[in-house]
Amino acid sequence: MPPRGKKEKLPRRRKVCRMCADKRTSIDYKDLKFLQGYIVERSKILPRRISGNCAKHQRMIQQAIKRARHVALLAYVAD
């Protein structure tokens, strides 16, 4: 039994990039349903450590979100 106040650290399962798992090669800025999954309710882009994306796909998602915002498909800020 561990000493009181100390918790045993359980090994965390490594997050897997969804795009790598689905063998997705491109991300379209017009695919709003897909992009909404990477934006929190305050219109911020989810960071890599939370979404579990690899660096390559995180950059592609960020670029697509910024393009969609520029063309006014996504809001810059939440209402």
Side-chain angles (χ1 to χ4, degrees):
M1 193 167 170
R4 192 165 210 192
K6 292 193 175 188
K7 294 182 181 180
E8 288 186 39
K9 288 189 177 183
L10 296 174
R12 292 215 171 161
R13 205 172 142 216
R14 185 167 169 84
K15 293 181 182 177
V16 179
C17 178
R18 282 191 260 167
M19 272 65 70
C20 289
D22 295 342
K23 306 256 193 276
R24 196 167 181 160
T25 57
S26 65
I27 298 168
D28 191 15
Y29 71 94
K30 294 173 275 186
D31 189 1
L32 298 182
K33 195 167 201 165
F34 175 76
L35 295 177
Q36 289 286 338
Y38 293 98
I39 299 177
V40 293
E41 59 188 45
R42 295 195 51 148
S43 299
K44 291 185 174 186
I45 300 172
L46 275 177
R48 225 182 107 199
R49 67 178 185 274
I50 295 174
S51 65
N53 292 327
C54 64
K56 174 183 169 185
H57 288 113
Q58 181 71 18
R59 285 191 299 269
M60 291 170 74
I61 287 172
Q62 285 180 338
Q63 190 67 31
I65 289 172
K66 289 175 184 180
R67 283 182 181 161
R69 284 176 175 168
H70 187 74
V71 184
L73 297 174
L74 285 175
Y76 279 97
V77 292
D79 291 334

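For the single chain, residues carry numbers from 1 onward in sequence order.
- Linking ILVMFWY residues whenever their side-chain heavy atoms come closer than 4.5 Å, directly or via other members, leaves Ile50 and Met60 in distinct clusters.
- Applying the side chain to side chain donor-acceptor pair (under 3.5 Å) definition to pairs two or more places apart or across chains, none involves residues 60-77.
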For residues 30-49, dump all side-chain donor-acceptor pairs below 3.5 Å to protein atoms at least two apart in sequence or in another chain.
from  : atom 1 : to    : atom 2 : distance (Å)
Asp31 : OD2    : Arg24 : NH2    : 3.3
Ser43 : OG     : Ala78 : N      : 3.3
Arg48 : NE     : Asn53 : O      : 3.1

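- Under a 4.5 Å side-chain heavy-atom cut-off, the cluster of Ile, Leu, Val, Met, Phe, Trp and Tyr residues that includes Val16 has no other member.
- Contacts of Cys54 classified as side-chain contact (heavy atoms from CB on, under 4.5 Å), with partners at least two apart in sequence or in another chain: Cys17, Cys20, Lys56, His57.
- Val71 and Ile65 fall within a single hydrophobic cluster, where Ile, Leu, Val, Met, Phe, Trp and Tyr side chains are chained together by heavy-atom contacts under 4.5 Å.
- Among pairs with a residue in residues 14-33, none fulfils ring pair (Phe, Tyr, Trp, His ring centres under 6.0 Å), at least two apart in sequence or across chains.
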